[in-house]
Amino acid sequence: MNRTKFALVTGASSGIGRSIAERLGQSGWQVFAGVRSEAAADEARALHEAIRPVILDVTDGGQIAAAQKVISEATGSTGLQALVNNAGVGVACPIEYQPIADVRRVLETNVIGHVAVTQAFLPLLRRGGGRIVFMSSGAGFIALPMFGAYAASKFALEAVADSLRRDLRPWRLPVINIEPGFVKTRILVNGYRDTTEAFNRLSVEGRAYYAESYRAVQSIQASMLKSALPPERVAATVLKALEARRPRLRYPVGMDAWLARFLRLMPARLADALIAAQGRMAARNADQPAG
Ligand SMILES: NC(=O)c1ccc[n+]([C@@H]2O[C@H](COP(=O)([O-])OP(=O)(O)OC[C@H]3O[C@@H](n4cnc5c(N)ncnc54)[C@H](OP(=O)(O)O)[C@@H]3O)[C@@H](O)[C@H]2O)c1
């Protein structure tokens, strides 16, 4: 197949990113899959012949520059037709006790990293008339308890995307936000374990204060595992956004994403009360204690 559309997908080693890389590869795109290890590179290569892995930690300026050089040479005058900023991290923790290093890591990965990658690849995107996609979230609309740092990163990403879109308006380079609700990936599958570990790292006092909140999160994670969307659904939306003649600015994916928007429109005190009631109910339904 003669492939003349080039895409870079960050965080392509698992979950949504891997699914996007595979879907684009199957749909005639040449895909550069950003991964962080040689083992992940081998796995990405094995997914589809059109996938070429590049080592790319979005928080590492040296790796960003090296990946830019490789991709610039490989795409030549064609440039890049899509940048999918997908890499992301997040774990449940109350703001009061979240280690500052952890808060920095979430913001550094989910926001600063995306900005740095976008800056580095904009010359190639200009050359190729490309589109920029950010993997936002329902958490970019409503900040749930225990997810302060993660929600802060996704709210920030929404702002970055809005501003960038307006910056780039004269050149008609589309900037698109994908906003999924719960998706069945490592973040959710390992959620129970990660949440338990995070709880166990709290001080005795912290555990006493927040045991119910952790039980609520675990219970919600367990029930979301049953109803969460498959990552392929998000990948299909990304493909649609990249190939639509006139892409939308935002693509909510799944009911949870719409619910997040709805909560955002509510008076904040009413949203607080509803979220707290759901938390209490979830904590009651939890079959195991947080620790
Ligand atoms: N799952 C959901 O319910 C959900 C909902 C809405 C939005 N999202 C967003 O979707 C995106 C993908 O998450 P996912 O659900 O697919 O989770 P995932 O399976 O854990 O994938 C996260 C990806 O990000 C990569 N990553 C983490 N830190 C990185 C860094 N510093 N540099 C480069 N790559 C890095 C991971 O690479 P390693 O394998 O090397 O760690 C992995 O490939 C995230 O932005 C997330 O916030 C997820």
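Numbering of ligands and ligand atoms starts at 1, following listing order.
Under 4.0 angstrom from ligand 1, the non-hydrogen atoms of Leu56 all belong to its backbone. When heavy-atom distances to ligand 1 are checked against a 4.0 Å cut-off, Val58 comes that close through both its backbone and its side chain. Under 4.0 Å from ligand 1, heavy atoms of Val183 appear from its side chain as well as its backbone.
Using a 4.0 Å heavy-atom cutoff, Lys154 is listed among the residues neighbouring ligand 1. Residue contact annotation: Leu188 has no non-hydrogen atom under 4.0 Å from ligand 1. Under a 4.0 Å heavy-atom criterion, Pro180 is in contact with ligand 1.
Shown in contact with Asp57 at under 4.0 Å from a heavy atom are these atoms of ligand 1, numbered in order with element: 30 (C), 31 (N), 32 (N), 33 (C). Near Gly15, the atoms of ligand 1 lying under 4.0 angstrom from a non-hydrogen atom of the residue are 16 (O), 19 (O). In the vicinity of Val89, heavy-atom distances shorter than 4.0 Å reach the ligand 1 atoms 27 (C), 28 (N). For ligand 1, the atoms closer than 4.0 angstrom to any heavy atom of Phe182 are 3 (O).
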**Report entry** Full working for side-chain contact (heavy atoms from CB on, under 4.5 Å) between Phe121 and Gln68
**Finding:** CA-CA 7 Å; Phe121 284 91; Gln68 200 270 2; 3.9 Å; yes
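Classification of the Phe6-Phe32 ring pair by plane angle, with boundaries at 30° and 60°, yields parallel.
Looking at Thr195 and Gln218, their side chains never bring a donor and an acceptor atom within 3.5 Å of each other.
Between atom 7 (C) of ligand 1 and the options Ser19, Gly88, Gly90, Ser136, the minimum heavy-atom separation is to Ser136. When the options Pro231, Gly181, Ser14, Ala260 are ranked by their closest heavy atom to atom 4 (C) of ligand 1, first place goes to Gly181. Comparing heavy-atom distances from atom 11 (C) of ligand 1 across Ile16, Asn86, Asn190 singles out Asn86 as nearest.
Residues Arg166 and Val175 form no side-chain contact, since every pair of their non-hydrogen atoms from C-beta on lies 4.5 Å or further apart. Counting heavy atoms from C-beta outward, Glu38 and Ile55 have side chains that approach closer than 4.5 Å. Within the 4.5 Å cutoff, the side chain of Val35 has no heavy atoms near those of the Ser37 side chain.
The shortest contact between atom 23 (C) of ligand 1 and any protein heavy atom is with Gly11 O, 3.7 Å.
Other residues, nucleotides and ligands contribute more than 12 heavy atoms inside 6.0 Å of the CE atom of Met266. Atom CZ of Arg248 sits in a crowded spot, with more than 12 heavy atoms from other residues, nucleotides or ligands closer than 6.0 Å.
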